[in-house]
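Notes to accompany the following structure.
Since the structure is predicted, the reported quantities are computational estimates derived from the model, not experimental observations. Letters A, B, ... mirror the listed sequences (proteins, then strands); counts begin at 1.
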Amino acid sequence: MIMHIDMDAFFASVEQRYNPSLKGKAVVVGGNPEKRRGVVSTCSYEARKYGIKSGMSLFQAKKLCPDATYLQCDGSKYEFISAKLQEIFSEFTPLVEPYSIDEVFLDVTGCERLWGTPVEIGLRIKQKIKRNLDLTCSVGIASNKILAEVASGMQKPDGLTFVPKEKMEGLIYPLPIQELCGVGPNTLKVMHKFGIRTIGQLASYSKEVIKSALGKYGENLYYSVQGENDSIVLPVQLQPEEKSIGHEQTLVEDIGDGEKLSAFLLFLSSRVARRVRRGNFLAKTVTVKVRFSDFFTLSKSESLKEPTNSEEEIYKMGKKLLGHLFSGMQKVRLLGISVSNLIKTSFPQQLSLPFSIHSEKKKNLLFAVDKLKDEFGERVVTWGTCLLTPE
Amino acid sequence: MNMSRKLFTPWGKEIESVQPIEVVALFEKGKMKPIRFRLGGKVFKIQQINGSWENRVGKYKKIHFAVVDSASNLFEISYDEREMNWSLERIETL
(Lines give C-alpha, C1' and ligand atoms only; values in the text may rest on other atoms or scores of the structure.)
Protein backbone atom coordinates (compact mmCIF):
# COMPACT_ATOMS: atom_id res chain seq x y z
CA MET A 1 0.00 0.00 0.00
CA ILE A 2 1.37 3.40 -1.00
CA MET A 3 1.03 6.60 1.00
CA HIS A 4 1.50 10.13 -0.34
CA ILE A 5 2.09 12.82 2.25
CA ASP A 6 1.79 16.45 1.26
CA MET A 7 2.61 19.11 3.83
CA ASP A 8 -0.07 21.81 3.98
CA ALA A 9 1.14 25.22 2.72
CA PHE A 10 4.59 24.11 3.80
CA PHE A 11 6.75 27.27 3.65
CA ALA A 12 3.97 29.45 5.08
CA SER A 13 3.23 26.93 7.85
CA VAL A 14 6.93 26.75 8.80
CA GLU A 15 7.03 30.55 9.01
CA GLN A 16 3.90 30.46 11.21
CA ARG A 17 5.51 27.82 13.38
CA TYR A 18 8.53 30.04 14.06
CA ASN A 19 6.35 33.12 14.44
CA PRO A 20 3.05 32.02 16.03
CA SER A 21 1.69 35.58 15.78
CA LEU A 22 1.22 34.81 12.06
CA LYS A 23 -1.07 31.86 12.74
CA GLY A 24 -4.52 32.34 11.27
CA LYS A 25 -3.28 35.21 9.10
CA ALA A 26 -2.66 35.57 5.38
CA VAL A 27 1.03 34.73 4.84
CA VAL A 28 2.69 34.75 1.44
CA VAL A 29 6.18 33.33 0.96
CA GLY A 30 8.37 33.88 -2.09
CA GLY A 31 10.32 36.33 -4.20
CA ASN A 32 11.52 39.64 -2.86
CA PRO A 33 8.56 41.25 -1.09
CA GLU A 34 10.26 44.66 -0.70
CA LYS A 35 10.76 45.02 -4.42
CA ARG A 36 7.61 43.08 -5.33
CA ARG A 37 9.77 40.80 -7.45
CA GLY A 38 9.49 37.11 -8.16
CA VAL A 39 6.63 34.72 -7.65
CA VAL A 40 4.63 33.27 -4.78
CA SER A 41 6.19 29.97 -3.66
CA THR A 42 3.50 29.13 -1.13
CA CYS A 43 0.81 30.95 0.79
CA SER A 44 -1.26 30.11 3.82
CA TYR A 45 -4.85 28.95 3.40
CA GLU A 46 -5.97 32.34 4.75
CA ALA A 47 -4.17 34.02 1.82
CA ARG A 48 -5.73 31.58 -0.66
CA LYS A 49 -9.14 32.98 0.25
CA TYR A 50 -8.08 36.18 -1.51
CA GLY A 51 -7.27 34.27 -4.69
CA ILE A 52 -3.51 34.13 -4.15
CA LYS A 53 -1.89 31.01 -5.62
CA SER A 54 1.57 29.49 -5.97
CA GLY A 55 3.33 30.71 -9.10
CA MET A 56 1.47 34.03 -9.17
CA SER A 57 3.66 37.15 -9.38
CA LEU A 58 4.13 39.01 -6.08
CA PHE A 59 2.91 42.16 -7.77
CA GLN A 60 -0.41 40.47 -8.55
CA ALA A 61 -0.61 38.91 -5.07
CA LYS A 62 -0.13 42.30 -3.40
CA LYS A 63 -2.96 43.69 -5.49
CA LEU A 64 -5.26 40.91 -4.27
CA CYS A 65 -4.24 41.14 -0.62
CA PRO A 66 -2.07 44.12 0.29
CA ASP A 67 -2.42 43.42 4.02
CA ALA A 68 -0.99 39.91 3.96
CA THR A 69 2.42 39.26 5.52
CA TYR A 70 4.94 38.85 2.71
CA LEU A 71 8.10 36.91 3.49
CA GLN A 72 11.15 35.94 1.51
CA CYS A 73 11.89 32.19 1.25
CA ASP A 74 14.28 30.97 3.93
CA GLY A 75 15.59 27.73 2.47
CA SER A 76 17.62 26.74 5.53
CA LYS A 77 14.48 26.68 7.69
CA TYR A 78 12.49 24.59 5.23
CA GLU A 79 15.33 22.16 4.60
CA PHE A 80 15.82 21.69 8.33
CA ILE A 81 12.14 20.92 8.90
CA SER A 82 12.06 18.71 5.81
CA ALA A 83 14.96 16.68 7.26
CA LYS A 84 13.06 16.35 10.56
CA LEU A 85 10.04 15.10 8.60
CA GLN A 86 12.18 12.50 6.84
CA GLU A 87 13.30 11.25 10.26
CA ILE A 88 9.65 10.79 11.28
CA PHE A 89 8.74 8.98 8.04
CA SER A 90 11.75 6.67 8.34
CA GLU A 91 10.52 5.50 11.75
CA PHE A 92 7.52 3.91 10.04
CA THR A 93 9.06 2.39 6.90
CA PRO A 94 12.47 2.24 5.24
CA LEU A 95 10.83 2.84 1.86
CA VAL A 96 10.62 6.64 1.79
CA GLU A 97 10.87 8.51 -1.50
CA PRO A 98 11.11 12.30 -1.23
CA TYR A 99 9.14 13.78 -4.11
CA SER A 100 9.90 17.40 -3.26
CA ILE A 101 10.86 19.37 -0.15
CA ASP A 102 7.28 19.02 1.15
CA GLU A 103 5.98 15.84 -0.46
CA VAL A 104 6.90 12.22 0.02
CA PHE A 105 5.84 8.71 -0.98
CA LEU A 106 5.94 5.88 1.56
CA ASP A 107 5.48 2.19 0.90
CA VAL A 108 3.84 0.84 4.05
CA THR A 109 3.22 -2.65 2.70
CA GLY A 110 4.16 -5.17 5.36
CA CYS A 111 4.29 -2.61 8.18
CA GLU A 112 0.87 -3.56 9.54
CA ARG A 113 2.12 -5.81 12.33
CA LEU A 114 4.31 -3.03 13.64
CA TRP A 115 2.11 0.00 13.19
CA GLY A 116 -1.42 -1.14 12.31
CA THR A 117 -3.47 -0.67 9.16
CA PRO A 118 -2.37 1.88 6.52
CA VAL A 119 -4.99 4.31 7.84
CA GLU A 120 -3.67 3.87 11.39
CA ILE A 121 -0.13 4.44 10.12
CA GLY A 122 -1.28 7.61 8.34
CA LEU A 123 -2.93 8.87 11.52
CA ARG A 124 0.12 8.08 13.63
CA ILE A 125 2.37 9.98 11.22
CA LYS A 126 0.01 12.96 11.24
CA GLN A 127 -0.08 12.98 15.04
CA LYS A 128 3.69 12.76 15.31
CA ILE A 129 4.21 15.62 12.84
CA LYS A 130 1.70 17.75 14.73
CA ARG A 131 3.20 16.92 18.12
CA ASN A 132 6.87 17.29 17.18
CA LEU A 133 6.75 20.05 14.60
CA ASP A 134 3.36 21.72 15.02
CA LEU A 135 2.59 21.25 11.32
CA THR A 136 -0.26 19.58 9.46
CA CYS A 137 -0.21 17.42 6.37
CA SER A 138 -2.62 15.70 4.03
CA VAL A 139 -2.29 11.98 3.51
CA GLY A 140 -3.48 9.89 0.58
CA ILE A 141 -3.40 6.10 0.67
CA ALA A 142 -3.99 3.92 -2.38
CA SER A 143 -2.59 0.98 -4.30
CA ASN A 144 -0.10 3.05 -6.33
CA LYS A 145 1.71 6.41 -6.32
CA ILE A 146 -0.50 8.16 -8.86
CA LEU A 147 -3.71 7.34 -7.00
CA ALA A 148 -2.17 8.07 -3.59
CA GLU A 149 -1.20 11.50 -4.90
CA VAL A 150 -4.77 12.14 -6.10
CA ALA A 151 -6.10 10.93 -2.74
CA SER A 152 -3.92 13.28 -0.68
CA GLY A 153 -5.42 16.23 -2.52
CA MET A 154 -9.00 15.21 -1.79
CA GLN A 155 -9.28 16.50 1.78
CA LYS A 156 -6.84 19.36 2.17
CA PRO A 157 -5.75 20.69 4.59
CA ASP A 158 -5.07 18.21 7.40
CA GLY A 159 -6.94 15.37 5.70
CA LEU A 160 -6.51 11.65 5.29
CA THR A 161 -8.07 9.80 2.39
CA PHE A 162 -7.89 6.06 1.91
CA VAL A 163 -8.93 4.77 -1.49
CA PRO A 164 -9.14 0.97 -1.49
CA LYS A 165 -9.46 -0.63 -4.92
CA GLU A 166 -13.17 -1.32 -4.48
CA LYS A 167 -13.90 2.36 -3.81
CA MET A 168 -11.91 3.77 -6.73
CA GLU A 169 -14.94 3.96 -8.96
CA GLY A 170 -16.91 6.11 -6.55
CA LEU A 171 -14.07 8.28 -5.22
CA ILE A 172 -11.51 8.71 -7.99
CA TYR A 173 -13.27 8.08 -11.30
CA PRO A 174 -15.53 11.17 -11.26
CA LEU A 175 -12.51 13.50 -10.86
CA PRO A 176 -11.22 15.51 -13.83
CA ILE A 177 -8.29 13.93 -15.66
CA GLN A 178 -5.95 16.85 -14.82
CA GLU A 179 -6.04 15.76 -11.16
CA LEU A 180 -3.61 13.00 -12.16
CA CYS A 181 0.01 13.83 -11.43
CA GLY A 182 1.90 14.76 -14.60
CA VAL A 183 -1.15 15.52 -16.76
CA GLY A 184 -0.13 18.91 -18.10
CA PRO A 185 -1.56 20.99 -20.95
CA ASN A 186 -0.11 18.77 -23.72
CA THR A 187 -1.37 15.48 -22.28
CA LEU A 188 -4.68 17.13 -21.56
CA LYS A 189 -5.03 18.13 -25.22
CA VAL A 190 -4.50 14.51 -26.31
CA MET A 191 -6.96 13.25 -23.70
CA HIS A 192 -9.57 15.76 -24.78
CA LYS A 193 -9.07 14.67 -28.40
CA PHE A 194 -10.23 11.21 -27.33
CA GLY A 195 -13.10 12.69 -25.33
CA ILE A 196 -11.45 11.76 -22.03
CA ARG A 197 -12.32 14.30 -19.37
CA THR A 198 -12.52 12.25 -16.20
CA ILE A 199 -10.26 9.64 -14.63
CA GLY A 200 -13.07 7.11 -15.03
CA GLN A 201 -13.21 7.75 -18.80
CA LEU A 202 -9.50 7.03 -19.04
CA ALA A 203 -9.96 3.82 -17.03
CA SER A 204 -12.57 2.55 -19.46
CA TYR A 205 -10.68 3.55 -22.63
CA SER A 206 -8.66 1.21 -24.82
CA LYS A 207 -5.16 0.71 -23.43
CA GLU A 208 -3.69 0.36 -26.94
CA VAL A 209 -5.05 3.72 -28.09
CA ILE A 210 -3.71 5.49 -24.98
CA LYS A 211 -0.34 3.79 -25.38
CA SER A 212 -0.05 4.71 -29.07
CA ALA A 213 -0.95 8.35 -28.33
CA LEU A 214 1.09 8.91 -25.14
CA GLY A 215 3.69 6.11 -25.20
CA LYS A 216 5.00 4.48 -22.05
CA TYR A 217 3.76 7.37 -19.91
CA GLY A 218 0.20 6.86 -21.19
CA GLU A 219 0.41 3.14 -20.52
CA ASN A 220 1.59 3.78 -16.94
CA LEU A 221 -1.23 6.23 -16.43
CA TYR A 222 -3.73 3.72 -17.78
CA TYR A 223 -2.55 0.97 -15.42
CA SER A 224 -2.45 3.42 -12.51
CA VAL A 225 -6.11 4.35 -12.84
CA GLN A 226 -6.96 0.64 -12.92
CA GLY A 227 -5.18 0.44 -9.56
CA GLU A 228 -2.60 -1.87 -11.09
CA ASN A 229 0.56 0.19 -11.51
CA ASP A 230 3.31 -1.38 -9.44
CA SER A 231 5.83 1.52 -9.67
CA ILE A 232 8.04 1.16 -6.64
CA VAL A 233 8.83 3.70 -3.95
CA LEU A 234 12.52 4.48 -4.41
CA PRO A 235 14.52 5.72 -1.42
CA VAL A 236 17.13 8.41 -2.25
CA GLN A 237 20.06 6.00 -2.15
CA LEU A 238 18.49 3.87 -4.90
CA GLN A 239 17.46 6.70 -7.21
CA PRO A 240 19.10 7.06 -10.62
CA GLU A 241 21.72 9.77 -11.23
CA GLU A 242 20.61 13.26 -12.21
CA LYS A 243 20.33 13.97 -15.94
CA SER A 244 21.05 17.69 -15.73
CA ILE A 245 22.30 20.22 -13.21
CA GLY A 246 21.26 23.85 -13.30
CA HIS A 247 20.55 27.05 -11.45
CA GLU A 248 18.28 29.92 -12.36
CA GLN A 249 17.27 33.02 -10.48
CA THR A 250 14.94 35.95 -10.82
CA LEU A 251 17.05 39.10 -10.49
CA VAL A 252 16.29 41.61 -7.75
CA GLU A 253 15.92 44.24 -10.48
CA ASP A 254 15.71 43.79 -14.24
CA ILE A 255 19.18 44.14 -15.73
CA GLY A 256 20.02 45.61 -19.12
CA ASP A 257 23.76 45.86 -18.52
CA GLY A 258 25.66 43.06 -20.30
CA GLU A 259 28.57 43.15 -17.84
CA LYS A 260 26.34 42.70 -14.83
CA LEU A 261 24.53 39.87 -16.55
CA SER A 262 27.86 38.19 -17.33
CA ALA A 263 28.91 38.53 -13.70
CA PHE A 264 25.67 36.89 -12.63
CA LEU A 265 26.14 34.15 -15.22
CA LEU A 266 29.60 33.45 -13.80
CA PHE A 267 28.13 33.23 -10.31
CA LEU A 268 25.52 30.72 -11.52
CA SER A 269 28.15 28.80 -13.55
CA SER A 270 30.30 28.43 -10.42
CA ARG A 271 27.38 26.91 -8.52
CA VAL A 272 26.60 24.55 -11.38
CA ALA A 273 30.24 23.48 -11.81
CA ARG A 274 30.61 22.82 -8.12
CA ARG A 275 27.62 20.48 -8.18
CA VAL A 276 29.04 18.80 -11.28
CA ARG A 277 32.33 18.17 -9.45
CA ARG A 278 30.57 17.06 -6.26
CA GLY A 279 28.63 14.45 -8.21
CA ASN A 280 31.84 13.28 -9.94
CA PHE A 281 30.45 14.23 -13.33
CA LEU A 282 31.74 15.81 -16.49
CA ALA A 283 29.21 17.79 -18.51
CA LYS A 284 29.01 18.06 -22.27
CA THR A 285 26.08 20.38 -23.04
CA VAL A 286 25.42 23.88 -21.71
CA THR A 287 22.02 25.59 -21.83
CA VAL A 288 21.30 29.23 -21.02
CA LYS A 289 17.81 30.52 -20.28
CA VAL A 290 16.83 34.17 -20.33
CA ARG A 291 13.49 35.65 -19.33
CA PHE A 292 12.95 39.26 -20.36
CA SER A 293 10.99 41.99 -18.58
CA ASP A 294 7.85 41.12 -20.57
CA PHE A 295 8.19 37.45 -19.45
CA PHE A 296 9.19 36.36 -22.96
CA THR A 297 11.60 33.47 -22.40
CA LEU A 298 14.35 32.14 -24.64
CA SER A 299 16.90 29.37 -24.18
CA LYS A 300 19.79 28.08 -26.24
CA SER A 301 22.04 25.04 -25.91
CA GLU A 302 25.39 24.02 -27.32
CA SER A 303 27.74 21.15 -26.64
CA LEU A 304 31.34 21.65 -25.61
CA LYS A 305 34.15 20.06 -27.58
CA GLU A 306 35.26 18.22 -24.46
CA PRO A 307 33.21 17.39 -21.38
CA THR A 308 34.14 19.50 -18.39
CA ASN A 309 33.57 20.23 -14.73
CA SER A 310 35.19 23.65 -14.75
CA GLU A 311 33.09 26.78 -14.19
CA GLU A 312 35.43 28.62 -16.53
CA GLU A 313 34.54 26.36 -19.46
CA ILE A 314 30.85 26.27 -18.56
CA TYR A 315 30.81 30.05 -18.21
CA LYS A 316 32.65 30.62 -21.50
CA MET A 317 30.07 28.59 -23.36
CA GLY A 318 27.27 30.20 -21.33
CA LYS A 319 28.53 33.67 -22.21
CA LYS A 320 28.62 32.76 -25.89
CA LEU A 321 25.01 31.50 -25.68
CA LEU A 322 23.95 34.57 -23.71
CA GLY A 323 25.38 36.69 -26.53
CA HIS A 324 22.92 35.00 -28.92
CA LEU A 325 19.96 35.54 -26.61
CA PHE A 326 20.62 39.02 -25.21
CA SER A 327 21.17 41.97 -27.48
CA GLY A 328 20.81 44.70 -24.85
CA MET A 329 17.51 45.86 -26.36
CA GLN A 330 15.45 44.54 -23.48
CA LYS A 331 16.14 44.10 -19.78
CA VAL A 332 16.47 40.64 -18.29
CA ARG A 333 14.32 39.46 -15.40
CA LEU A 334 15.57 35.90 -14.93
CA LEU A 335 18.79 34.16 -15.91
CA GLY A 336 19.60 30.46 -15.74
CA ILE A 337 22.32 28.07 -16.81
CA SER A 338 22.30 24.29 -16.80
CA VAL A 339 24.45 21.44 -18.02
CA SER A 340 23.35 18.09 -19.37
CA ASN A 341 24.83 15.05 -21.13
CA LEU A 342 26.49 14.17 -17.86
CA ILE A 343 29.23 11.57 -17.77
CA LYS A 344 30.02 9.87 -14.47
CA THR A 345 33.75 9.88 -13.68
CA SER A 346 35.41 7.07 -11.82
CA PHE A 347 37.32 9.11 -9.28
CA PRO A 348 36.08 11.71 -6.84
CA GLN A 349 36.83 15.27 -7.94
CA GLN A 350 38.44 14.05 -11.17
CA LEU A 351 38.82 16.93 -13.56
CA SER A 352 38.68 16.82 -17.34
CA LEU A 353 41.32 14.14 -17.75
CA PRO A 354 41.99 12.39 -20.09
CA PHE A 355 40.54 15.16 -22.29
CA SER A 356 42.62 17.75 -20.46
CA ILE A 357 41.97 21.32 -21.48
CA HIS A 358 43.23 22.66 -18.16
CA SER A 359 46.73 23.36 -17.11
CA GLU A 360 47.96 21.61 -14.00
CA LYS A 361 47.81 24.92 -12.17
CA LYS A 362 44.13 25.45 -12.97
CA LYS A 363 43.28 21.96 -11.82
CA ASN A 364 45.10 22.49 -8.56
CA LEU A 365 43.36 25.82 -8.12
CA LEU A 366 39.92 24.22 -8.54
CA PHE A 367 40.83 21.51 -6.03
CA ALA A 368 41.99 24.14 -3.56
CA VAL A 369 38.84 26.24 -4.04
CA ASP A 370 36.62 23.18 -3.55
CA LYS A 371 38.50 22.26 -0.39
CA LEU A 372 38.12 25.78 0.98
CA LYS A 373 34.39 25.79 0.21
CA ASP A 374 33.92 22.35 1.77
CA GLU A 375 35.60 23.62 4.91
CA PHE A 376 34.30 27.17 5.23
CA GLY A 377 31.21 27.42 3.03
CA GLU A 378 30.37 28.58 -0.46
CA ARG A 379 31.05 32.25 0.13
CA VAL A 380 34.62 31.91 1.34
CA VAL A 381 36.14 32.46 -2.10
CA THR A 382 34.69 33.74 -5.34
CA TRP A 383 35.64 35.05 -8.77
CA GLY A 384 36.79 38.67 -8.90
CA THR A 385 33.97 39.44 -11.33
CA CYS A 386 31.49 38.40 -8.68
CA LEU A 387 33.08 40.57 -5.99
CA LEU A 388 30.66 42.29 -3.72
CA THR A 389 30.00 45.93 -4.20
CA PRO A 390 28.89 48.25 -1.41
CA GLU A 391 25.35 49.57 -1.47
CA MET B 1 25.00 50.10 17.97
CA ASN B 2 27.55 48.09 16.07
CA MET B 3 25.91 48.13 12.66
CA SER B 4 27.51 46.00 9.98
CA ARG B 5 27.54 47.60 6.54
CA LYS B 6 24.99 46.34 4.08
CA LEU B 7 26.64 44.55 1.19
CA PHE B 8 25.21 43.80 -2.21
CA THR B 9 26.24 41.55 -5.04
CA PRO B 10 26.65 43.23 -8.46
CA TRP B 11 23.11 42.10 -9.29
CA GLY B 12 21.68 43.75 -6.18
CA LYS B 13 21.17 40.84 -3.80
CA GLU B 14 21.74 41.81 -0.21
CA ILE B 15 24.01 39.25 1.34
CA GLU B 16 24.92 40.52 4.74
CA SER B 17 23.00 42.58 7.20
CA VAL B 18 23.69 40.73 10.42
CA GLN B 19 24.88 42.38 13.59
CA PRO B 20 27.10 40.82 16.24
CA ILE B 21 25.45 40.46 19.66
CA GLU B 22 26.46 39.23 23.10
CA VAL B 23 24.37 36.36 24.43
CA VAL B 24 23.92 34.64 27.77
CA ALA B 25 22.95 31.03 27.07
CA LEU B 26 22.19 27.97 29.13
CA PHE B 27 23.54 24.58 28.14
CA GLU B 28 21.14 21.94 29.33
CA LYS B 29 20.74 18.25 28.41
CA GLY B 30 22.90 18.69 25.32
CA LYS B 31 20.87 21.66 24.14
CA MET B 32 21.70 25.33 23.97
CA LYS B 33 19.14 27.83 25.20
CA PRO B 34 19.71 31.58 24.80
CA ILE B 35 18.47 33.49 27.87
CA ARG B 36 19.19 37.14 27.05
CA PHE B 37 21.23 39.18 24.62
CA ARG B 38 22.79 42.62 24.40
CA LEU B 39 22.42 44.75 21.31
CA GLY B 40 23.87 48.25 21.21
CA GLY B 41 24.05 48.50 24.99
CA LYS B 42 20.45 47.39 25.52
CA VAL B 43 19.69 44.03 27.11
CA PHE B 44 16.80 41.97 25.76
CA LYS B 45 15.40 39.22 27.96
CA ILE B 46 14.21 36.23 25.97
CA GLN B 47 10.72 35.30 27.10
CA GLN B 48 10.09 32.51 24.65
CA ILE B 49 11.93 30.45 22.06
CA ASN B 50 9.56 29.71 19.18
CA GLY B 51 11.94 27.22 17.66
CA SER B 52 15.40 26.60 16.29
CA TRP B 53 16.91 25.31 13.08
CA GLU B 54 20.34 24.65 11.70
CA ASN B 55 22.20 25.08 8.46
CA ARG B 56 25.72 24.19 7.42
CA VAL B 57 28.36 26.65 6.35
CA GLY B 58 31.11 24.42 5.01
CA LYS B 59 31.59 21.74 7.60
CA TYR B 60 30.39 23.89 10.47
CA LYS B 61 26.90 24.37 11.83
CA LYS B 62 25.03 27.60 12.31
CA ILE B 63 22.15 27.33 14.78
CA HIS B 64 19.27 29.79 14.42
CA PHE B 65 16.72 30.66 17.11
CA ALA B 66 13.41 32.45 16.66
CA VAL B 67 12.97 34.22 20.00
CA VAL B 68 10.49 36.65 21.53
CA ASP B 69 11.37 39.30 24.13
CA SER B 70 9.18 40.74 26.89
CA ALA B 71 7.83 43.42 24.52
CA SER B 72 6.70 40.67 22.10
CA ASN B 73 9.34 41.59 19.53
CA LEU B 74 10.44 38.66 17.41
CA PHE B 75 14.15 38.20 16.78
CA GLU B 76 16.13 35.71 14.79
CA ILE B 77 19.50 35.17 16.41
CA SER B 78 22.16 32.69 15.36
CA TYR B 79 25.17 30.95 16.81
CA ASP B 80 28.10 30.29 14.47
CA GLU B 81 29.86 27.11 15.58
CA ARG B 82 33.09 27.88 13.71
CA GLU B 83 33.47 31.50 14.83
CA MET B 84 31.89 30.79 18.22
CA ASN B 85 29.94 34.00 18.04
CA TRP B 86 26.33 35.16 18.05
CA SER B 87 24.56 37.37 15.55
CA LEU B 88 21.23 39.12 15.21
CA GLU B 89 19.86 38.11 11.83
CA ARG B 90 16.44 39.77 11.79
CA ILE B 91 14.08 41.80 13.95
CA GLU B 92 10.33 41.98 13.63
CA THR B 93 8.64 44.50 15.88
CA LEU B 94 5.03 43.68 16.61
Side-chain angles (χ1 to χ4, degrees), chain A residues 14-23 32 34-35 37 69 71-72 74-84 133-135 249-255 257 259-268 332 335 371-380 382-383 385-391, chain B residues 3-19 31-34 44 46-85 87-94:
Chain A
V14 171
E15 294 295 347
Q16 287 170 324
R17 174 185 188 267
Y18 284 111
N19 183 358
S21 70
L22 295 176
K23 281 190 179 177
N32 184 327
E34 275 175 34
K35 304 222 170 189
R37 300 278 301 173
T69 301
L71 300 166
Q72 228 168 328
D74 186 344
S76 64
K77 253 184 224 169
Y78 315 142
E79 279 164 23
F80 178 77
I81 296 292
S82 185
K84 291 283 166 206
L133 301 169
D134 194 21
L135 296 171
Q249 201 172 311
T250 303
L251 299 152
V252 176
E253 272 169 347
D254 292 1
I255 290 182
D257 178 339
E259 258 183 56
K260 278 187 178 175
L261 270 184
S262 296
F264 189 49
L265 188 71
L266 178 58
F267 165 75
L268 293 175
V332 172
L335 187 64
K371 267 191 166 179
L372 274 172
K373 288 185 173 179
D374 287 342
E375 180 84 14
F376 300 108
E378 299 300 311
R379 286 181 185 167
V380 71
T382 186
W383 286 82
T385 316
C386 298
L387 271 182
L388 311 174
T389 52
E391 191 176 3
Chain B
M3 288 283 286
S4 66
R5 192 176 57 155
K6 277 193 176 184
L7 294 173
F8 288 78
T9 58
W11 45 95
K13 185 177 164 33
E14 185 185 328
I15 62 126
E16 192 184 17
S17 57
V18 295
Q19 299 170 40
K31 286 193 173 173
M32 180 162 49
K33 190 180 166 192
F44 295 82
I46 295 169
Q47 291 285 101
Q48 188 187 313
I49 300 175
N50 289 341
S52 66
W53 68 99
E54 300 165 5
N55 69 308
R56 290 213 161 259
V57 182
K59 66 178 195 183
Y60 298 95
K61 249 191 313 198
K62 200 169 178 185
I63 308 167
H64 302 252
F65 297 88
V67 300
V68 180
D69 75 349
S70 45
S72 297
N73 298 309
L74 177 75
F75 300 89
E76 181 188 325
I77 61 174
S78 68
Y79 175 71
D80 186 322
E81 199 183 61
R82 178 167 65 92
E83 303 286 345
M84 292 178 77
N85 62 20
S87 302
L88 173 70
E89 304 267 348
R90 207 176 300 172
I91 310 175
E92 194 177 314
T93 311
L94 297 175

#### Entry: Spacing of CZ belonging to B:Arg90 relative to CG belonging to A:Leu71, to within rounding of 0.5 Å
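That separation rounds to 7.5 Å.
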
### Query
Of all heavy-atom pairs between A:Phe376 and B:Arg82, which one has the smallest distance, and what is that distance?
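Where A:Phe376 meets B:Arg82 most closely, the heavy atoms are CD2-NH1, 3.3 Å.
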
### Query
What are the two closest non-hydrogen atoms of B:Trp53 and A:Ser76, and how far apart are they?
NE1-OG, 3.2 Å

#### Entry: Part of A:Lys77 within contact of chain B (heavy atom distance under 4.5 Å)
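Both backbone and side chain.
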
### Query
In terms of heavy-atom proximity below 4.5 Å to chain B, should A:Asp74 be classed as side chain, backbone, both, or neither?
side chain

### Task
Flag yes if more than 12 heavy atoms outside A:Lys371 fall under 6.0 Å of its NZ atom; otherwise flag no.
no

### Query
Between A:Arg17, A:Lys373, A:Lys84, A:Glu375, which residue shows the highest count of heavy-atom pairs closer than 4.5 Å to chain B?
A:Glu375

